[in-house]
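Reminder, nothing fancy here: chain letters follow the sequence lines and each chain counts from 1.
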Protein chains: 2
Amino acid sequence: MPSGLREQKKAETRAALVKAAQDLFRKQGYEATTIEEIAELASISRRTFFRYFPTKEDLVFPQQESRLQGFMMLLETHRPEETPFETLRNLTALFAADYTRHAERILVQQELILSSPDLLAREREIDRAWEATMFEYLAKWGGGGREAEHRARVLAGAAIGVIRATLRYWFSTGGTEDLNQLGQEALDFLEQGFRKIVPMD
Amino acid sequence: MPSGLREQKKAETRAALVKAAQDLFRKQGYEATTIEEIAELASISRRTFFRYFPTKEDLVFPQQESRLQGFMMLLETHRPEETPFETLRNLTALFAADYTRHAERILVQQELILSSPDLLAREREIDRAWEATMFEYLAKWGGGGREAEHRARVLAGAAIGVIRATLRYWFSTGGTEDLNQLGQEALDFLEQGFRKIVPMD
DNA sequence: GTGCCGTTTGTCACCGAGTGTCACGATTAA
DNA sequence: TTAATCGTGACACTCGGTGACAAACGGCAC
């Protein structure tokens, strides 16, 4: 944890950029806002902006890196006697609580994401990173072998697909429904299969 | 079907652009190839290129529009007594056969896609469109109601996630394994659940 | 404080994707 | 043949992103 004047100013500039960007995005939309405007509002040169954020999109997902890191940590430190589904359920509960706590901010962000194809693409890119992480965890759990790797890949894909779909549904309700319950139900589908549930009923 | 000189020339120019692009991409890579080079090789101006393809990425997925249209047609004209899973299995068989038939071309294209983040993003965008289409079909099948919609959304997400994961695995084997069998196995997971399959084995 | 060193920053120049506009020429329908 | 329509090329422009270099600044030893 370096805490000199340098690091402090860097953190301030970074925060100023995120805030400036959010303000401008909200006021005039993502695409209509240029990096030059953001930099100017944060009292920085255009060139320097790119030393803080490699792309404009990164302004919308400023803490995605650390979130993924946290997810990896959670996967690595889960109790070893758990089955993968138990781990998934616990993590779903954790993240659902987090999303519910910050529902307002997350819903605003989601609205912004939906407004731009670039941001949607970036969101899917992030999902892909999560899927890869989950795959690694599942592959480790399932032992070696090409067969186990295949199953891990498929389950990871299904899990992320299910989670993204659940989130979209939750967003569409304005965050009013119980996200944890929705997530657990989605995992029920995965664990027990869609057979009984979809065709009849 | 208009068939004047105009349409004919347009089709020729479009084909010439795709061919020029594929040649250049293969020779020097996607990102290293500029639109100006492609346009020059196809003997048209840079400006005219954008009248044929809205973006550079579209050159790599030239027939995606019609493929999705075909998918929608297949979903709409499936035999009405089928359950969704039967339909999914039939379509999986169809597409697996198609992919296997054109395996060589598809593997080359996949290699190209993997070489560029932009192309990967576009591929995910296409997946999203397919997921939306499948969701519409499933939602129609499952009757009305918010509950049914939710299940349709989750199943569509899981299905696309599973298919994409299966394709990735198939690509990683160089297209040597039986794609239809892999796909049907993936659908087995979805239909019967991962419970019995993943934890024990 | 002074002097030095490494990092951060601003400036400038550049590239490539994508868009608006307009005028010219070819295609087509009358 | 004529007139409307459409495709095209040329030009200028915006914006995201990068490389290079010099000036400013923070950290540190003395």
Side-chain angles (χ1 to χ4, degrees), chain A residues 1-18 20-22 24-25 27-62 112-113 115-123 125, chain B residues 1-18 20-21 24-25 27-62 112-113 115-122 125:
Chain A
M1 288 287 147
S3 67
L5 189 54
R6 253 193 170 110
E7 318 295 328
Q8 189 182 329
K9 280 200 155 188
K10 254 173 36 174
E12 279 170 16
T13 300
R14 195 184 153 87
L17 280 173
V18 171
Q22 280 176 350
L24 289 173
F25 290 163
K27 205 191 306 171
Q28 55 194 37
Y30 175 77
E31 318 211 326
T33 303
T34 70
I35 287 179
E36 192 158 8
E37 292 174 288
I38 298 168
E40 192 179 0
L41 191 54
S43 306
I44 262 191
S45 81
R46 204 178 80 91
R47 187 64 183 88
T48 299
F49 167 87
F50 287 103
R51 295 185 172 115
Y52 282 84
F53 294 92
T55 74
K56 190 181 172 187
E57 291 148 29
D58 287 282
L59 279 170
V60 182
F61 308 91
L112 186 63
I113 291 171
S115 77
S116 156
D118 285 7
L119 293 178
L120 272 168
R122 171 50 78 91
E123 185 184 64
E125 163 67 26
Chain B
M1 287 291 141
S3 67
L5 223 177
R6 262 194 170 118
E7 315 299 325
Q8 188 183 329
K9 281 197 154 186
K10 254 167 48 169
E12 278 170 17
T13 301
R14 194 184 154 88
L17 281 174
V18 171
L24 288 173
F25 291 163
K27 204 189 309 171
Q28 55 194 37
Y30 175 78
E31 317 211 328
T33 303
T34 70
I35 287 178
E36 194 158 6
E37 292 174 289
I38 298 168
E40 192 178 0
L41 191 53
S43 307
I44 63 170
S45 78
R46 204 180 78 93
R47 187 62 183 88
T48 298
F49 167 87
F50 287 103
R51 296 184 173 115
Y52 282 84
F53 294 93
T55 74
K56 190 180 172 186
E57 292 148 28
D58 287 282
L59 279 171
V60 182
F61 308 91
L112 186 62
I113 291 171
S115 77
S116 156
D118 284 7
L119 293 178
L120 273 168
R122 170 52 75 92
E125 162 65 27

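Note: CZ (A/Phe50) to P (D/dG16) measures 7 Å, nearest angstrom. Rounded to an integer number of Å, the gap from B/Gln8 CD to D/dC6 C1' is 16 Å. Straight-line distance from the CG atom of A/Leu59 to the P atom of D/dG16: 11 Å, rounded to whole Å. Atom-to-atom, NZ of B/Lys10 to P of C/dA26 comes out at 18 Å; the value is rounded to the nearest Å. Atom CZ in A/Arg14 sits about 13 Å away from atom P in C/dT9, given to the nearest Å.
Between A/Glu37 and A/Ala32, the shortest heavy-atom contact is OE1-O, 3.6 Å. Of all heavy-atom pairs spanning B/Phe53 and B/Val18, the tightest one is CZ-CG2, 3.7 Å. Residues B/Leu119 and B/Leu112 share a closest heavy-atom pair of CD1-O, 3.7 Å. Of all non-hydrogen atoms in A/Ile38 and A/Ala20, the two that sit nearest each other are O-CB, 4.1 Å.
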Sort me out a list of protein N/O and nucleotides 3-5 of chain C N/O pairs below 3.5 Å, or just none if empty.
none

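An OP1 or OP2 oxygen of C/dT8 is reached within less than 4.0 angstrom by no side-chain nitrogen or oxygen of A/Lys9. Using a 4.0 Å cut-off, no side-chain N or O of B/Lys56 falls inside it from OP1 or OP2 of C/dG16. An OP1 or OP2 oxygen of D/dT8 is reached within less than 4.0 angstrom by a side-chain nitrogen or oxygen of B/Tyr52.
Comparing atom distances between the B/Arg6 side chain and each of C/dT19, C/dT7, C/dT28 picks out C/dT28 as nearest. Distance from the side chain of B/Arg51 is smallest for D/dA10 among the nucleotides D/dA10, D/dC25, C/dG18.
Within the 4.5 Å cutoff, side-chain heavy atoms of B/Pro117 are placed close to those of B/Glu31. B/Ser116 is not listed as a side-chain neighbour of B/Glu57, based on a closest heavy-atom distance of 4.5 Å or more. Counting only heavy atoms from C-beta outward, the side chains of A/Lys10 and A/Tyr52 approach each other to under 4.5 Å. Annotation: side chain of B/Arg122 is in contact with side chain of B/Thr55 (closest heavy-atom distance under 4.5 Å).
Taken residue by residue, residues 42-49 of chain A places heavy atoms nearer than 4.0 Å to DNA chain D at A/Arg46, A/Arg47. Near DNA chain D, meaning a heavy atom under 4.0 Å away, the residues from residues 29-41 of chain A are A/Thr33, A/Thr34, A/Ile35.
For the ring-ring contact (aromatic ring centres under 6.0 Å, His included) test, no residue two or more places apart in sequence or in another chain qualifies with B/Phe61. Residues passing the ring-ring contact (aromatic ring centres under 6.0 Å, His included) test with B/Tyr30 are B/Phe25, sequence neighbours excluded. Taking A/Thr33 as the reference, A/Gln28 meet the side-chain hydrogen bond (donor to acceptor under 3.5 Å, both in side chains) condition, with sequence neighbours excluded.
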